[in-house]
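Okay, so here's the structure we're looking at.
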Amino acid sequence: MIDLARKIAIVLVKNNVSAVAEMHEDLAPKTCKAVWNALPHEGEIRHAKWCGNEIWTMVKPTRALKMVPRENITIYPGPGDIMYGYFPPAWEGGLRGQRQAVCDIAMWYGADSPLYQVDGPHPMNHFATITEGFPRFSEECERIWTEGVQRISIKRL
């Protein structure tokens, strides 16, 4: 059987650590399409403050990314899960104090890290899961926690 699922390559640039994720087009088709069309992405990757074992990057807000509905949402991602969320500016009901629209791709590298912000739970769309390279990727995510911001590259495979 041929695997036709779309895949993305994720590279933590500093130490050239890569992983491959498979998109869940059956569970989050609109999210997958919008994210796929927004790639490639290069930018900063940061460690989350509130959600535990999570790293995240902001992608350029596009009309399609802003219009993604909630699908396959959760506040309980597992290790290797990749989530998408759109947070409008604060004056549109977004995160407190946020003045710009945020299109966020977040990746979990450990367990027991529910999606919470200072103001409570923030469900996000689970659209992909890392299927290759996770152990080394997880180790590098710990480095982001202790060493700070890095660069990330996300592209289509």
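Numbers here simply count residues along the sequence, with the first being 1.
Salt bridge present: Glu140 and Arg136 bring a charged side-chain N and a carboxylate O closer than 4.0 Å.
Screening Asn72, Val68, Leu27 for a side chain to side chain contact (heavy atoms under 4.5 Å, CB included) with Asn125, the sole residue that qualifies is Val68. Checking each of Lys7, Lys30, Arg6, Lys33 against Glu25 for a salt bridge (Lys or Arg N to Asp or Glu O under 4.0 Å) leaves exactly one that passes, namely Arg6.
Looking at Ile152 and Met107, their side chains come closer than 4.5 Å, going by heavy atoms from C-beta outward. Side-chain atoms of Trp108 and Pro79, non-hydrogen and from C-beta on, never get closer than 4.5 Å to each other. Arg143 is listed as a side-chain neighbour of Gln150, based on a closest heavy-atom distance under 4.5 Å. At a threshold of 4.5 Å between non-hydrogen side-chain atoms, the residues Arg151 and Lys14 do not count as touching. Between Ile82 and Ile10 there is a side-chain heavy-atom pair separated by less than 4.5 Å. Residues Val20 and Leu157 are in side-chain contact: their nearest non-hydrogen atoms beyond the backbone lie under 4.5 Å apart. Proximity of Ile144 to Leu12: side-chain heavy atoms (C-beta onward) are separated by under 4.5 Å at one or more points. For the pair Ile130/Tyr109, no side-chain contact is recorded, criterion being any heavy-atom separation below 4.5 Å from C-beta on.
Annotation for Pro123 and Arg70: closest pair CG-NH1, 3.7 Å, computed over non-hydrogen atoms. Looking at every heavy atom in both residues, Asp81 comes nearest to Gly78 through OD2-N, 2.7 Å. In terms of heavy-atom proximity, Lys66 sits nearest to Pro61 at CE-CB, 3.7 Å.
Remark: Met83 CE to Thr129 OG1 distance equals 9.5 Å, nearest 0.5 Å. Rounded to the nearest 0.5 angstrom, Arg63 CZ and Leu65 CG are separated by 12.0 Å. Atoms OG and CD1, on Ser113 and Ile75 in that order, are 12.5 Å from each other to the nearest 0.5 Å. The CZ atom of Phe87 lies 5.5 Å from the CG atom of Asp104; values are rounded to the nearest 0.5 Å. Distance check: Ile105 CD1 to Trp56 CH2 gives 12.0 Å after rounding to the nearest 0.5 Å. The OG atom of Ser153 sits 11.0 Å away from the CD1 atom of Ile45 when rounded to the nearest 0.5 Å.
A search for salt bridge (Lys or Arg N to Asp or Glu O under 4.0 Å) contacts involving Arg156 returns nothing, not counting sequence neighbours.
Note: the hydrophobic cluster containing Ile154 also contains Tyr86 (ILVMFWY, side chain heavy atoms under 4.5 Å, direct or indirect links). Under the 4.5 Å side-chain contact rule for hydrophobic residues, Leu115 and Ile73 do not share a cluster.
Defined by atom type and a distance below 3.5 Å, a donor-acceptor pair is present between the side-chain atoms of Glu71 and Thr31. A donor and an acceptor atom, one from each side chain of His41 and Thr57, are located under 3.5 Å apart.
Screening residues 126-150 for ring-ring contact (aromatic ring centres under 6.0 Å, His included) gives His24-His126, His47-Trp145 as the qualifying pairs, with residues at least two apart or on separate chains.
The local environment of CG in Asp112 is sparse, with at most 12 non-hydrogen atoms from other residues, nucleotides or ligands closer than 6.0 Å.
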